[in-house]
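Every chain is numbered from 1, with letters handed out A, B, ... down the list of sequences.
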2 protein chains.
Amino acid sequence: MTRQTPTLEDVARAAGVSRATVSRVVNGIRNVDPAIQDVVREAIRNTGYTPNRAARSLVTKRAETIALVVSGAGDESESEQNAFAARVLADPFFGRVVSGVVGFLRPRSMYPVLMFAETEKARGEVLSYLRHSSADGALIFSTHAEDPLPTLLAEEDLPCVLFARPLVSTPVTYVDVAHRDGARLAAEHLLARGCRRVATVTGPLNLPAAQDRLAGFRDTLARHGHPYIPIAEGGFTTESGTAAMGRLLMEHPDIDGVFAANDLMALGVVQTLLATGRRVPEDVAVIGFDDSNVAAVCRPPLTTIRQPMEEMAATMARLLQEQIEGTLSEPTSVIFQAPAALGPGVRHVVRGAGVRQRHRLAHRALHDHRQR
Amino acid sequence: MTRQTPTLEDVARAAGVSRATVSRVVNGIRNVDPAIQDVVREAIRNTGYTPNRAARSLVTKRAETIALVVSGAGDESESEQNAFAARVLADPFFGRVVSGVVGFLRPRSMYPVLMFAETEKARGEVLSYLRHSSADGALIFSTHAEDPLPTLLAEEDLPCVLFARPLVSTPVTYVDVAHRDGARLAAEHLLARGCRRVATVTGPLNLPAAQDRLAGFRDTLARHGHPYIPIAEGGFTTESGTAAMGRLLMEHPDIDGVFAANDLMALGVVQTLLATGRRVPEDVAVIGFDDSNVAAVCRPPLTTIRQPMEEMAATMARLLQEQIEGTLSEPTSVIFQAPAALGPGVRHVVRGAGVRQRHRLAHRALHDHRQR
DNA sequence: CTGAAAGCGCTAACAA
DNA sequence: TTGTTAGCGCTTTCAG
C-alpha cells in the first residue's frame, strides 16, 4: 500500500553509481567528479529522495534536532504535572521564547522538540534523550532556582544553554538580561515622574533575577536619597501581584509609585490600585518588567522595561549550535541590555545589544565539579 | 571521553541471555520465562539501559513522536517567514493548544516537535519528515483557508488531525467547536442585556469558522426580529478589531452591542469604543469569542464565549494516536460545544462535551480523491 | 521459550 | 575519485 520512500540504494541504481558516492554528494563532500555530481543530483530529483534521519542519526550520533526544555525543580505529583505545563505555556513569555528559537532554527531546517522536566522521572528522560543524541542539545528554561537539570547536563558534558544565570555555580553557558540596569531605569522612571513614596513587588527572592531586580531598584533609589523601600514578594503571577499590592497598601496607603518585577504582577498591582479607588498613573505610577507581552493588551497601557526576549532566545539557539559543532569550548554568557520603553509598542532608541562575556572558571572549581 | 550509553548487547551480556530476549522484555512481549524476565530487568537497572530511539525507529518505522504543525497557505518570502512564526506564537491561542497537546502526550512520554509549514519548501519538509516516520503523525493548525497541507497529507495517507473544519472537502479527521451555537449564545447575551442595535466584527470571511460565527449570530438575531446586522470584517488581530469598530461607528454611531468573532478583536473593539468616549459595557456591550486567553488580563473584564481549547487540542492528540495505532480507520470529527461564560474565570455550568460524529464519505468521492 | 541471523538506511574507513 | 565493506543498535523472522 504505502509506497516505500526511496533510499540511497535506489538513487545509486538510478545514477549508476555506488551508495557511497550518492551519500557523498548528499552530504556535500568534495572529491566527487562534477559530472557525476550532476548525474546523482538528477537521480535524486527523479526519485524524490530525502535522507532517512533515523538511519543517518544511528551512525553519525547526530539528530539535527534540539530540545526546548521547560524545567522545574520539584517533584510534583502526577496530577500537578499538567498544571505545571499549563501554567508555563499560558504565560505569553513562552510564545516569545519559542518564536526566537524558531527564528534561528527555521532557516537551518531544524525543528525543536518540546520537553518538560519538572520531575525526577522527566529529568531522566531528558537526559537519556540527549545521551542517545535524539536531540543534539538542550535549551533550558528553568522555573525554579534549585533546578538540578543544568548541573546534571553539565556533569555529562551534554550541550546546553540556560535562560538566566543559574543560582548554583555551574560551568554552563547562559543568556541573561542586565536585571540591575533594567531596574535602575525603572527607578529613574518613577523618580522622573515625581514619585516620592515608591515601593516594589519583587519576584520570588530565591531567583537571582528577582534578587537583581530588587537590588538594582534599591541601589538607585538609595543613591537618590531613598534609603528605605517597602517591598512585598510575589510569585511572578497576576494573582500574586494583586495580593502583594494589597499587603503594601495596608502598611503604606500613601504609595505613589510601584515597580513590579514583571508584567503579570504589574497587572495585578494595577488591578488592586484601581479596586481601591486609586487612579493609575495619576495617583500611583506603575512600571513593570517585561517577560511576557501582556503590556500590549493592557488598559491603561502598562509602562514596562522591555526585554528583548526573542533575540535572547535566538542567541541561546546560536550558542547551543556552536557548542554542538564544537566551535564553543568554554562556557560563555551573553548579557542583554534591557532598554526602557514607555508603554506598549513604543519604539525604543537603545537596541538591546548583546554583550558577550567570557566566563572564566578556575580550573580547580571545574575539576572539583567533575569529581562530583 | 564521553561514556558510551549501554546497548542491548551490554544488557544481554550482563544477564547472560541473548539480545533478542532482552528486546522482548523491554518491549513487553510475553513468552518470556518470568525468572529470566527478572534477571533481565535487574540487568537493565544495573546498566542503566534505555532504548536507542534511532535504532528502534529504523526498524519499526515508528518514531514515537508527533509533529505539531502550524501551517499557512501562501508562499511567503524568506523575510516574512519569521514574522509568520512570531505572529502565531505571540498569540496566546498557541500556548493553550500546546498545553492541551502536551497534557495528552506527557503521560505517554512522548514529545511533540514543532514545525512550521507556510511555504512550499516547508511543506515538503513536513511531508518527508512524516514519510520517513521521523514523526508518526501531525497535528495541523492552519492559519489560512486554502492551506494545501491537509490534502497533501491525506493523499499519502499520512496520519493527521486538523484543528477546525477545512474549507475544501478532504477526507481528514478534525476537531472543531460549534461556532454557530457559540455565536447564538453571544447574540442571546446581547439581547438579554437589552441591546437593540447590535453589530458584529467578523473574522476573515474565507475561513469557515468566521462564516459560521457570523451565520449563527445573524440567524439568532433574525429570529428575534433583527433582520439586518451591520458587519465589518476583521483579521483576528487586535488592530483589525480597532479598525473594524471604527468603520462600524462611522455608519452606525448608535450601536449598543457588538459581537467580536474573537477576543483579540474584541479588545480592539473595546479600545475604539473607549477612545470615542463610550463606556463599556454601560453604553455599548461587547462580547468576544475566546481563542486566546486575553480575556483574563483585560480591563474591563471581557465577556466571552469560552472555547475549551486545551480539551480540543488533547482530543486532537488522542485521535491522532488512534489513527497511528490503526484503531481509527475512517476520518472522524469531534465537535465541542462552546459554553458561554461571562467575563474571565467565571465558572461555567455547561461543560464543553465533545460530540463525536462519524464522517460518512461517499465511497466514490473518496475514490476520486485518491486518484488525485 | 530462547537464540541465531538477517537486515532497517546510512556513513566512514579502507582499498582500489 | 570511486566502490567495497563493515557496522550503528535495534526488531523480527525462523529454527531449535
**Prompt:** Among side-chain atoms of B/Thr332 and B/Thr173, is any donor-acceptor pair under 3.5 angstrom?
**Reply:** no
**Request:** Indicate whether any N or O donor in one side chain lies under 3.5 Å from an N or O acceptor in the other, for A/Asn27 and A/Arg56.
**Result:** yes
Between [options], which one does the side chain of [X] approach most closely?
{"X": "B/Leu58", "options": "C/dT2, C/dC10, D/dG9", "value": "D/dG9"}
{"X": "A/Thr60", "options": "C/dT2, D/dT4, C/dA12", "value": "C/dA12"}
{"X": "A/Thr21", "options": "D/dT11, D/dT2, C/dC10", "value": "D/dT2"}
{"X": "A/Asp33", "options": "C/dT11, D/dT2, D/dT13", "value": "D/dT2"}
{"X": "B/Ala20", "options": "C/dG3, D/dA6, C/dG9", "value": "C/dG3"}
{"X": "B/Asn27", "options": "D/dC14, D/dT11, C/dG9", "value": "D/dT11"}
{"X": "A/Ile36", "options": "C/dC1, D/dT2, C/dT11", "value": "D/dT2"}
{"X": "B/Val17", "options": "C/dC8, D/dG3, C/dG3", "value": "C/dG3"}

**Asked** At under 4.0 Å, does any side-chain N or O of A/Thr7 touch on OP1 or OP2 of C/dG9?
**Response**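 No, A/Thr7 has no side-chain N/O under 4.0 Å of OP1/OP2 on C/dG9.
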**Prompt:** Taking only side-chain nitrogens and oxygens of A/Lys61, does any of them come within less than 4.0 Å of OP1 or OP2 of D/dG9?
**Reply:**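 Result: yes.
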**Request:** May I ask you to verify whether the side chain of A/Arg53 and the base of C/dG9 hold a donor-acceptor pair under 3.5 Å?
**Result:** no
**Prompt:** Does any N or O donor sit under 3.5 Å from an N or O acceptor when you compare the side chain of A/Arg19 with the base of C/dT11?
**Reply:** yes
**Request:** Look at all strands and tell whether B/Asn31 reaches a base, only sugar-phosphate, or nothing, counting heavy atoms closer than 4.0 Å.
**Result:** base
**Request:** Mind calculating the distance between CD (B/Glu9) and C1' (C/dA5) to the nearest angstrom?
**Result:**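 In whole Å, C/dA5 C1' and B/Glu9 CD are 13 Å from each other.
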**Item:** Rounded distance in Å - CZ (A/Arg56) to C1' (C/dC8)
**Value:** 16 Å
**pair B/Val113-B/Ile66: side-chain heavy atoms closer than 4.5 Å** =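 A side-chain contact under 4.5 Å is absent here.
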**Gap between atom OH of B/Tyr111 and atom OH of A/Tyr129 - 0.5 Å precision** = 8.5 Å
